[in-house]
Structures are given as C-alpha cells and as structure tokens.
Amino acid sequence: MIRFMLMVNRQGQTRLSRYYQPVELSRRAQLEADVVRCCLSRRKDQCSFVDYKDFKLVYRQYAALYVVVGVTDNENELSVYELLHNFVEVLDKYFSRVSELDIMFNLDRVHIILDEMIQNGHVVETNKSRVLAPLTALDKMADG
Amino acid sequence: MHTHTAMSPSVPLQEMIRAIRSARTQCEERGVIQRECAAIRAQFRQADNGGRSHNLAKLLYVHMLGYPAHFGQMECVRMIASPRYSEKRVGYLGAMMLLDEKQDASLLITNSIKNDLSHSNQYVQSLALCTLACMGSAEMCRDLAPEIDRLLRASNSYIKKKAALCAVHIVRKVHELGELFVPAARSLLSEKNHGVLHGAVVLIIELCEQNPETLERFRKTVPDLVQIMKGLVLSGYSPEHDVAGISDPFLQVRILRLLRILGRNNEGASDSMNDLLAQVATNTDSTKTVGNAVLYETVLTVLDIKSESGLRVLAVNILGRFLLNNDRNIRYIAMTSLQKIVGTDHNAVQRHRGTIVDCLKDQDASVKRRALELSLALVSASNIRSMMKELLLFLSSCPPELRAHAASGIFNAAERYAPSQRWHIDTMLHVLITAGGDVRDETVPNLIQLITNASELHCYTVHKLYRALLLDISQQSLVQVACWCIGEYGDLLLKGDCQETEPVQVTEDDALDALETVLQSHMSSPATRGFALTATMKLSTRITDNVDRIRSIVSIYGSCIDVELQQRAVEYNALFRKYDHMRAAVLERMPVIEKNSPGHTNGESTGEAVKDVPTAKMKQGEPLLLQQPANQVCDLLDLLGGSEETLQPGPAVDCLVSGLSVHAAGTAGGDLLDLLGGFEPAELSPAPQVLAYDKGGVTLTLSCEKQSDTGLTVTLTASNSSDSDLSSFTLQAAVPKSVQLHMKAPSGDSLPARGTAKVTQMVVLNNPNKVNLKMRVRVSYTRQGSPFQDTVQIDSFPGLDAAGQ
C-alpha cells in the first residue's frame with residue numbers, strides 16, 4: 001500500500017502532503033526533509049526507486065516539482081511509477097497544463113482529485129474522466 | 001518590503017498563500033502565519049459566519065507547512081455536521097488531516113459519518129466513506145460495518161468502489177469482520193465497472209491475507225479471475241481503459257497479485273493459471289513502461305506459484321530481456337528479482353550470466369551492487385576463470401562502498417573453486433594489490449597458510465611479492481604477506497632463478513633495503529613493522545654476507561618507542577648474543593601450517609569486519625602481532641622438548657608466551673604450556689551456556705570460565721530472533737563493590753533480524769574477596785529508530801558453585 005504521497009519542490013517546500021498511515025506531526029517535517037534530500041541528491045542516471053528505512057520510495061520529477069510516494073515493500077514499483085504519471089496527467093487535464101502555482105492555489109481541489117484516485121493507500125480509480133467527473137459536477141454546483 | 005497590512009479575517013485562501021510566498025525569510029513567514037492563526041482562532045470562536053470553510057482551508061494549508069493546527073479539530077467536527085456541501089467537504093478533509101483515532105474529537109464525528117453514509121447525495125456519501133477509510137477507529141468500524149456491507153451490495157458503482165476500499169480498512173482494524181464481507185466481495189467480481197473490480201480485488205487480497213480459510217474459499221474464483229484477465233489482455237483497443245496501449249494495466253497488476261496469492265503452494269490453482277500467464281507474458285507489449293509493469297507482475301507471479309518449468313524459463317527470459325532495457329528502472333527491478341530466485345532457479349539465471357556481468361559496468365550504484373551480488377552467486381567451477389577476470393576488473397574500478405564486499409566475495413569464490421594453487425595465489429595477490437585496504441584481517445594469515453601449502457610455488461610467490469613490494473608499500477595486508485615471504489623464503493629470492501617468472505637478480509642488500517624501507521616508512525602500521533622486523537631477523541640465517549647489517553638493525557630497534565618492536569628486537573638481540581648456536585634452528589623454514597588450526601582464526605569474532613575495517617584492524621593488530629612469534633617460540637620450545645632444565649627461556653620470552661593463551665593452544669606449542677606450568681590454556685570446547693535474558697526477540701546467553709582462583713571470564717552472547725534489525729546494541733555491566741570488572745570490546749553493535757549474526761562480548765572479573773558474585777547487565781539498542789533499554793540481574797553463573805566461587 002501507499003504510505004504517503006508528497007509533492008515537493010527543489011527548494012524543499014512541500015506543496016502537497018497526504019499520509020495514509022498516521023505519522024506524528026513532529027516526525028513529518030523530518031521525514032519530508034529526509035525524503036527530499038534523498039531525491040534531490042539522485043543523479044539523472046540513477047533509477048527512481050530508493051530503499052529508505054523499511055519501505056521504498058518511488059519518485060518522479062516534473063520540472064521543479066518532485067512527486068514522491070512511499071510504498072510498502074510488496075508493491076510493484078513500476079506500477080506505482082505509472083500511477084504517479086497518471087496522477088500528474090489528471091492534474092494536467094483539469095488545470096490545462098498544470099504548474100506548481102496551480103497546485104499551490106488550488107490545494108483543496110487537488111486533494112479532491114487525489115481522493116478520487118487513491119483511497120486508504122490503494123488505487124481506487126485511474127480513468128481520467130471518471131476521476132474528474134465529481135469535481136466538474138461540484139464546480140457546477142458551486143457556480144449554480 | 002512586506003508591509004503590515006491589517007489582514008481582514010475572512011481573506012480568502014489565495015491571499016494568504018500569496019502573503020506566505022512573498023515572505024522572504026523564515027521569520028517573516030512565521031509572523032504571517034501566526035497572525036493568520038490568531039485571526040482564524042478568533043473566527044472559530046465567533047458564531048456562524050460565511051467564511052468558515054475558508055478559515056478551515058487556510059488552517060489546513062498552514063498545517064501542511066508544518067505548523068500546529070490542533071485548535072481546528074473541533075471546527076472540523078462542526079463543519080462535518082453542517083448541511084452545506086462546501087463546509088462538509090473542508091470539514092472531512094480536515095478530519096482526515098488533523099484527526100486520528102487517538103484524538104477525542106474523532107469519536108464525535110461517528111454520528112455524522114453514519115448519517116452521511118446514507119445521504120441522498122453520492123458525493124456526501126463518498127466523503128464519509130473516504131474519511132472512515134482513512135481514520136476510522138476500531139469501534140467506529142464495528143459500528144458502521146453493516147452499513148458498508150449494504151453499500152457494497154446496493155448502490156451505484158461510484159459508491160461501491162469506495163465502499164470496497166473502506167471495507168479493506170475495516171478488515172484491517174477488526175479482523176473478525178472479514179467474515180462479514182466475504183459474500184459481498186465474491187459477488188463484486190461479476191461487476192463490469194473497473195473501479196469496482198479493482199476495489200473488489202484489493203478487498204479479496206486483504207481477506208485472503210488475513211485468514212487462510214478465506215483464502216481456501218476464494219480459490220474457487222480463479223477461473224473467474226482468469227476470464228477477466230483474458231478479457232483485458234485479448235480485447236481490442238478500449239478508449240475507456242487504455243493507458244499507452246494496455247487495457248487498464250493497474251487492474252491487470254492487481255489481478256495478477258491476487259492470482260499469485262491464490263496459486264501459491266497449490267498445484268490445482270497454479271495449473272489453471274498456467275495458460276493465462278503464458279498468454280500475458282507473450283502478448284503484452286513491452287515497449288512502454290506500463291507493459292513492463294504488467295510483465296513484471298506476471299514474472300513475480302510465475303516464480304511464486306507452482307508453475308511448470310517451461311513457464312519459469314519464460315519468466316526468467318523476460319527478466320533477462322529487462323536487463324538489456326535502456327530504462328535503468330527496469331534494469332534495477334530485473335536485478336532485484338533475479339537475486340531472489342538465483343537460489344531456486346540457478347540454471348535459468350546462469351543463462352543470463354553474460355548480461356549480469358555486463359551490468360557490473362552500469363552507471364547506477366544500486367544496479368552495480370545487485371550485479372555484484374548476483375555475479376558472486378553465479379560463480380561456479382566451470383566459469384571461475386572468466387568470472388574472476390570480470391570481478392577483478394570490477395574491483396579496480398568499483399565504488400569504495402562496494403570494495404570490501406567485492407573483495408571478500410572474491411576470496412570466498414577463489415577458495416571454493418580455485419582451479420590451481422598458482423591461480424589462487426595470483427588472484428589473492430591481485431586483490432591485495434588492488435584493494436588491500438578493504439580486506440578483512442584474517443586474509444593475511446589465510447594467504448600465508450595458502451602459500452606455505454603450495455611448496456612448489458614458493459620461489460614464484462616470493463619473487464612476485466618482492467616485486468609488488470618495490471612498487472607500493474602502502475597496502476598493509478600486501479606488505480605483511482610480502483615481508484613474511486621474504487623472511488621465510490629469502491634464500492629462494494636470492495637464488496635468482498625461477499621457472500615461472502623472468503629471472504631477476506636480487507642481492508642481499510636489495511632484500512634488506514626493501515625490508516628496511518618498510519620498517520622506516522610512516523605508512524607502515526605497527527603490525528606491519530613487526531612483520532618486517534621478524535623477516536629481517538629470519539634472513540640472518542638465509543644470507544651469508546650481511547649478517548652484521550641485520551645485527552645492527554635489530555639492535556637499533558632495541559630502543560624503539562613501540563613496545564612490541566622493542567620487545568622483539570631485544571629478544572632477537574638475545575638470540576644473536578647468548579643463543580647464537582640455536583639461531584639457525586630457531587629461524588629455519590617453518591612447517592606447513594595446517595588449515596583450520598585455531599591459531600588461524602581470530603580469537604574475537606569480527607563478523608562486522610567488512611564495515612569497521614579501521615577499528616577491526618586496531619583490535620586485530622594485537623592477536624596478529626602475537627601470532628608470528630607464537631609460531632617461532634613454539635619451535636623454540638619444541639626443540640627444547642626434552643631439555644627444559646638447561647635452557648631456561650628468558651623473562652622476555654616468558655611474558656611473550658603468557659599473552660598467547662588462545663593462539664598457542666592447539667598448535668605445536670601445546671608443550672609450551674605444560675612447560676611453563678600453572679598457566680591455564682584457554683577453553684576451546686564450548687563452556688556451558690545459560691540463558692540470562694529473553695525479551696522482545698533479544699536473547700542474551702552467558703558462559704564462564706575460571707581463569708584463576710579469583711579470576712573469571714564471562715562471555716555474553718546476544719542474538720536477535722525478531723523480524724527487525726537492531727542497531728547501536730550495547731551492554732553495560734555492574735558488579736558488587738569489591739569485584740573488579742573489565743569489559744572487553746564487543747564484536748559489533750548491530751544485531752540483524754532472525755538471528756543471522758550474533759554479538760559477543762567478554763567481561764573479565766576479579767573477585768579477590770570471594771564475595772557472592774552477582775552482575776547486573778543493562779541492554780540497550782535501537783529498533784526502527786526508537787531506543788530501548790532493559791536491565792537484567794544475573795545471580796548464578798554456570799560453572800561456578802552457588803557461592804560464586
């Protein structure tokens with residue numbers, strides 16, 4: 001299962017964080033800093049899977065943002081790697097060429113999208129239209 | 001410059017984010033946030049106003065940045081109970097982020113969740129489901145499980161898929177409730193909607209993992225699962241589920257995982273999956289990563305169930321193909337998988353040896369590491385020569401953190417499969433020359449023993465070593481072996497002619513020069529200088545012209561600051577002066593050293609020598625140092641066997657010998673100990689062991705040996721049978737006042753899981769007043785980042801009577 005999902009920029013600022021297994025607030029900052037350091041220090045020719053403590057990190061870089069996911073040992077890393085891409089593609093579709101600022105200023109919407117895709121540490125829906133359907137409906141409700 | 005604009009309390013989230021962004025320092029940011037939090041708190045206290053959801057949203061943002069937000073918990077509860085969707089939404093999100101079952105406030109939302117689960121608006125239902133799945137406590141789960149079951153059966157697919165994952169959480173929290181969901185899970189498999197299918201499969205996986213009986217029952221679903229997979233793999237392009245040409249790869253991976261669980265250890269189920277797995281393996285497009293993800297999962301499944309051999313070979317071939325893939329991620333996972341099966345499917349993996357060896361040159365450090373381990377596992381008698389070439393090549397260019405592991409792996413391989421002695425010696429020398437600084441210390445005695453055994457190669461070896469010595473005297477292990485050989489086989493070196501290498505004329509002065517360089521160099525460790533001095537001394541009987549030179553060297557070192565060297569020099573001086581008639585016999589060629597004699601294993605275990613080579617060297621320097629003279633002195637007294645009366649060994653020799661308890665015993669110097677009398681040989685058979693402590697998987701056993709009337713050595717052995725590794729493992733001991741305690745250095749400080757290695761530590765006690773002996777031991781270690789301490793009192797020591805005497 002997925003233990004947490006983070007989106008962090010190169011300066012180490014967290015733009016999105018979601019924990020599917022409870023982690024105390026005091027430990028979160030440490031964890032996030034560690035994870036970011038780990039990913040930032042990887043070179044271009046190193047693979048995207050890192051063994052970290054007793055679980056694995058899978059990360060992908062999109063421009064200045066790193067999407068990092070911590071998964072338990074029994075997950076298929078390639079599948080999670082694809083999942084990250086799927087998530088970013090969904091964001092892309094909703095925000096039309098998503099950027100870091102979009103995520104920052106629309107954090108609540110990003111959380112809604114994330115909840116539609118991943119629940120309780122497991123994948124719930126990967127079809128882009130289905131993921132975005134509730135949100136589009138909500139947007140209409142809010143306007144109406 | 002950021003001015004202190006009075007922030008209106010209901011400023012929208014965007015404004016606050018902008019303000020935070022424009023803060024230039026951490027301090028400024030803190031200021032902005034503190035002001036905002038104060039405003040938010042004030043707002044919360046006020047009665048209902050329009051901006052409530054904004055405030056909570058702002059608080060959640062602040063929380064994400066790492067600032068405390070606990071004062072928002074009650075607001076979450078209030079918001080969840082609100083009829084307005086936007087407020088519910090933020091409230092539930094807040095609950096997921098700020099609350100967990102440890103907070104009291106979480107209980108208060110149980111009722112709201114219950115109501116919302118049957119709300120008319122499916123989005124509200126989904127909020128409730130999502131939140132329950134995220135932070136539902138055991139009581140909440142028990143309370144609401146029937147409701148979830150109802151939703152699993154009768155609702156739309158949007159809700160069903162979420163309910164399924166909610167059920168996963170419930171089952172994790174309360175195992176017994178698994179039984180409740182089995183029928184619903186079973187029927188969900190006939191749904192068409194992929195989201196629901198996916199949720200169903202995850203739920204079934206969870207149910208099967210929790211309960212083996214449930215697993216048995218779900219085996220009947222294998223045909224259905226096979227059908228579904230076939231549909232996914234063989235159907236044409238489906239725009240709804242397509243990801244880069246593969247139809248819903250995420251679902252495929254999930255189903256494959258479930259098939260794996262169901263087919264494990266079961267012939268029948270495995271048989272019925274064989275065809276499908278072969279189909280998936282051959283039909284899946286491997287040009288894109290998604291395809292490879294599915295193939296990877298297929299391979300894992302094939303290798304885990306009882307598949308037929310043809311299928312296994314197919315799976316290993318897929319892994320072999322992965323190794324050639326341009327994408328380093330794929331190479332990495334191929335390596336990891338191959339490593340897991342190299343034990344069971346050795347022959348299949350052997351076929352890809354070439355590719356694996358090529359990966360030794362990969363850029364990525366983790367791929368290199370795995371390639372090294374795999375290569376070492378694939379070495380066999382038939383490929384040893386070619387493999388060793390590659391491994392040695394690797395050693396010369398490998399990253400420093402892998403050197404020690406590579407060196408010790410090479411030694412093991414060489415030992416097991418060496419085709420000839422000369423090859424073996426050459427290989428070991430090569431390793432010492434390339435990576436001498438990273439080898440374990442027992443390498444030196446091992447190599448020496450090997451050399452003595454290869455008697456026809458003595459000439460060749462000493463020439464080679466001499467040449468290596470001339471090139472580089474910084475690698476201590478190499479220098480030690482070289483010095484030893486020059487000392488021992490100096491006559492062969494000086495003779496000059498040798499069949500195996502080009503003849504080179506080495507004069508006595510050359511040889512002595514080489515040894516003296518080592519003696520004087522600041523790069524040489526004390527142990528190395530000991531070797532050099534002894535070798536110089538040995539040469540005194542193998543050369544003819546320069547004995548005076550040796551005499552003067554030896555006498556200079558008689559006043560050396562290093563006590564060990566000084567002692568040796570003094571003894572050798574004595575050998576020149578008083579016992580000159582014995583010198584030839586004393587220094588003659590040594591007998592072939594027997595393998596596995598205790599003199600050749602280090603007294604204190606150094607399981608972790610690979611990691612702490614510097615400290616291990618310091619520790620090991622001692623026994624190694626003592627080992628050389630041990631052999632010589634043994635010879636000395638062997639000769640004296642019958643005539644101990646006439647030639648009393650000088651006091652210097654005496655104290656040398658008394659320090660040799662462990663090493664002397666068992667070698668030819670068994671007589672030695674009888675001669676000196678009153679000297680206890682070290683106990684080589686295992687002393688009785690007593691379990692002193694057993695908690696949390698950590699066990700501590702102790703054994704004792706009486707050293708003298710009042711002296712006692714206690715050996716503590718710790719091992720870890722739990723599933724997690726322990727680090728920073730230390731033992732401390734306290735004894736009654738009159739007892740003297742001396743703790744020796746432990747063998748290491750980490751205890752890997754499942755007892756794969758132990759830590760031993762010796763404690764020397766002296767009980768002059770013969771009081772009742774008790775010892776309190778404090779155990780401390782770190783497990784998964786958290787420290788742990790415990791104390792145990794030991795009142796009885798095995799091998800001693802009740803009074804501790």
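What you see is a predicted model; the values in this text were computed from it and never measured. Just so it is clear: chains get the letters A, B, ... in the order the sequence lines come, proteins before strands, and each one is counted from 1.
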Region of B/A57 in contact with chain A, defined by heavy-atom distances below 4.5 Å: neither

B/K162/A/D115 ion pair, N-O < 4.0 Å: no

Side chain to side chain contact (heavy atoms under 4.5 Å, CB included) between A/R130 and B/Y158, worked out: CA-CA 9 Å; A/R130 292 223 195 103; B/Y158 178 73; over 6 Å; no

Pi-cation contact, A/F105 with B/R18 (under 6.0 Å, within 45°): yes

Gap between atom CE of A/M1 and atom CZ of B/R172 - 0.5 Å precision: 5.0 Å

Engaged part of A/R18 at the chain B interface, taking heavy atoms whose separation is under 4.5 Å: side chain

Closest approach of A/Q119 to B/L129 (non-hydrogen atoms, all atoms of both residues): NE2-O, 4.1 Å

Spacing of B/T289 atom OG1 and A/L78 atom CG [to the nearest 0.5 Å]: 7.0 Å

Spatial distance of atom CG (B/N193) from atom CD (A/E125) [nearest 0.5 Å]: 6.5 Å

Greatest number of heavy atom pairs closer than 4.5 Å to chain A - which of B/D248, B/V294, B/I17: B/I17

Nearest-0.5 Å distance that lies between atom CE in B/M135 and atom OH in A/Y20: 15.0 Å

Per-residue contact mode, B/Q784 against chain A (heavy atom under 4.5 angstrom): side chain

Rounded distance [0.5 Å steps], CD in A/E77 versus CG in B/N329: 9.0 Å

Best-contacting candidate, B/P249, B/G195, B/G199, against chain A by heavy atom pairs under 4.5 angstrom: B/G195

Pairs of heavy atoms under 4.5 Å with chain A: top-ranked of B/F250, B/Y332, B/Y61, B/Y296: B/F250

Proximity breakdown for A/E116 and chain B, heavy-atom pairs closer than 4.5 Å: both

Ion pair check, A/K128 and B/D242, cut-off under 4.0 Å: no

Minimal non-hydrogen separation, A/V123 against B/L165, with atom names: O-CD1, 3.8 Å

Heavy-atom contact with chain A under 4.5 Å, split by part of B/Y67: backbone

Contact leader toward chain B among A/D54, A/T14, A/L16, A/V124, where contacts are heavy-atom pairs under 4.5 Å: A/V124

Side-chain donor or acceptor of A/N120 paired with backbone N/O of B/C134 under 3.5 Å: no

A/N76 (side chain) donor-acceptor with B/A293 (main chain) under 3.5 angstrom: yes

Contact class of A/T126 relative to chain B, heavy atoms under 4.5 angstrom: side chain

Nearest-0.5 Å distance that lies between atom CE in B/M96 and atom NE2 in A/H111: 9.0 Å

Evaluation steps, side chain to side chain contact (heavy atoms under 4.5 Å, CB included), between A/I112 and B/R89: CA-CA 9 Å; A/I112 294 179; B/R89 165 74 217 161; 3.2 Å; yes

Top contributor to chain A interface from B/M64, B/H198, B/H194 [non-hydrogen pairs under 4.5 Å]: B/M64

Residues A/R28, B/H63; criterion side chain to side chain contact (heavy atoms under 4.5 Å, CB included); working and verdict: CA-CA 11 Å; A/R28 279 189 203 190; B/H63 169 80; 3.6 Å; yes

Top of B/R254, B/R257, B/H241, B/M97 for chain A proximity - count of heavy-atom pairs under 4.5 angstrom: B/R257

Check against side chain to side chain contact (heavy atoms under 4.5 Å, CB included), B/V168 and A/H122: CA-CA 10 Å; B/V168 171; A/H122 292 285; 4.2 Å; yes

Contact class of B/V290 relative to chain A, heavy atoms under 4.5 angstrom: both

